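Data block below; observations after.
Below, chain A is the first sequence line, B the second, and so on; all start at residue 1. The shown structure was predicted, so the numbers you read here are calculated from the model rather than taken from an experiment.
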Amino acid sequence: MREANIFERHMRRGTLFKPRREALYPDYLPDYLPHRESEIDKLAEILVTALRDEKPSNILIYGKTGTGKTAVVRYVEREMKRAREVYDSSVEMLYLNCETVDTPYSILQNIGNYFIENWNEKIPFTGWPLDKVFSVTQEKIDIWGGILIIVLDEVDKLVTKSGDDILYQLLLLDSEMKNANLSVIGISNELKFTDLLDPRVRSRLTQEKLIFTPYNAYQLEDILQERAKIAVKDGVVGEDVISVCAAIAAQEHGDARRAIELLRISVEIAEREGSEKVEIRHVYQAKNKIEMDCVSEAIKTLPLHSKILLLALALNEEAGRNYLTTGEIYEIYRNLCKRIGMTHLTQRRISDLISEMDMLGLINASVKSFGRYGRTKVVELALPYIEVKKIVLQDELLEELGNVKLQSQRKLFF
DNA sequence: TGTCCACTGGAAGGGAGGGCTT
DNA sequence: AAGCCCTCCCTTCCAGTGGACA
């Protein structure tokens, strides 16, 4: 029987999610954050001075990915906005993610524009001298005259990219204002990034430090229970499934984001299969899917020359050999470049690309000496060659290499 | 013990591209 | 618009190296 439309069969299958499936997405902010009560309290203790219209200390928050840093800060931000109505204080919290807002100009521009309502007066994306953006921003905050708390998420990325200039400017902005005050909350994955800061900036930025430790498996279970209750229909996810998700994420340094993602994808796989319940095998399928997606994304975003190197290694394994030396890879690589009419890079550069891919975990490279026959890197793929070849050949420019085989160590066969 | 291979990996610098500044 | 500056990607040059072999 012909279906009414292409969606009908899938609609009939129904869903395992409740309408609020967003509770299993990374940017969801729940009403309750299990096992972060003390961190929330500590932050509230520091920031409460803002509700009394006094400037709170600057804070630096450390912790690995998925330890709830951003969630806690956003949670406190939401509570702060509620509380300021009660106590009638003029405090603003402005959240900026330094992954996207990553230059001194864009940070000052974002802050300034937050206080400029008229569209004609807004500071443009580019074009103004930095000191003009600085003075306009300063003027606007000062006219407003309250306590401004700037949250710089992933501040380590900002510092490694543009140095500590902007942090210095923010501290300067605070000291040059007459009516308003400005505090900074920096959030960082990297404990060591303060080494890059000027000592004066470091001491002022880290007046208060908060360290978020990774969640253990039991804590992750509680978090997953909480989210599953909101997002998934009752009885779909059993305790065993939650335990496995938590255990897997706990092994990978207690990343709650990963645990939640794992649960969501497990439910999606079960749903697509038409299953009424999530089973443990769905979790392992989800784990494989996430890992493969991750690797495939890493390979797809590689520069073209690195992809050709991976192809050289894949062809080598396909021909039954398991490793290559730098010189051998370089020969195959040059032949592949010639084949697609591309100019090849120097061996020195290739040596660096090999080291980069080694760091990414896509290949294993180690320096080995063959005595009289020289000293070189020995390289092999860290992943199944069939997968690597498939992903690499998805690149439009490399498609035509699909039928290439390796004849001998260095000769290609078409 | 010295030689020598096949690189490794540091240093310096070129040039393209993009953003800031005037 | 033009100049300046920075970053990224890459090349060129070269001293240094572990260990088999004579």
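Using a 4.0 Å heavy-atom distance criterion, A:T346 is classed as a base contact. Residue A:K377 is classed as a sugar-phosphate contact, given heavy-atom separations below 4.0 Å to backbone atoms only.
Of the listed nucleotides (C:dC10, B:dC7, C:dT17), C:dC10 has the atom at the smallest distance from the side chain of A:H305. Comparing C:dT11, B:dG9, C:dG16 against the side chain of A:L345 picks out C:dT11 as the nearest. The listed nucleotides are C:dT11, B:dG9, B:dC7; the one nearest the side chain of A:T326 is B:dC7. Among the nucleotides B:dT8, C:dC13, C:dC9, the one closest to the side chain of A:R348 is C:dC13.
Per the geometry, CD1 belonging to A:I350 stands 14 Å off P belonging to C:dC9, to the nearest Å. Taking atom NZ on A:K368 and atom P on B:dA6, their separation rounds to 15 Å, with Å as the unit. In this entry the distance linking CD of A:E331 with P of B:dA6 reads 12 Å, nearest Å. Between the CG atom of A:L302 and the P atom of C:dC9 there is a distance of 12 Å, rounded to whole Å. In this structure, A:I329 atom CD1 and B:dC7 atom C1' are separated by 13 Å, rounded to whole Å. The distance from atom CD1 of A:I354 to atom C1' of B:dG9 is 13 Å, rounded to the nearest whole Å. In this structure, A:E328 places its CD atom 12 Å from C1' of B:dC7, rounding to the nearest Å. Summarising the geometry, the separation between CG on A:L108 and P on B:dT21 is reported as 11 Å, rounded to the nearest angstrom.
Geometric assessment of A:R264 against the ring of A:Y25 yields a positive cation-pi assignment under the 6.0 Å and 45° thresholds. Seen from the ring of A:Y28, A:R227 does not count as a face-on cation partner, given the 6.0 Å and 45° thresholds. For the pair A:R36 and A:Y215, the cation-pi criterion (under 6.0 Å, within 45° of the ring axis) is fulfilled.
In this structure, A:Y333 and A:H344 have perpendicular ring planes: the angle between them is above 60°, well past the 30° mark.
Between the side chains of A:H282 and A:E273, a donor-acceptor pair is found at a separation under 3.5 Å. At a cut-off of 3.5 Å, with distance as the only test, no side-chain donor of A:D53 or A:S89 sits close to an acceptor on the other residue.
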Full working for side-chain contact (heavy atoms from CB on, under 4.5 Å) between A:I123 and A:Y105: CA-CA 10 Å; A:I123 304 168; A:Y105 187 99; 4.1 Å; yes

Please list, for nucleotides 20-22 of chain C, all pairs of protein and nucleotide N/O atoms separated by less than 3.5 Å.
from   : atom 1 : to     : atom 2 : distance (Å)
C:dA20 : O4'    : A:R372 : N      : 3.2

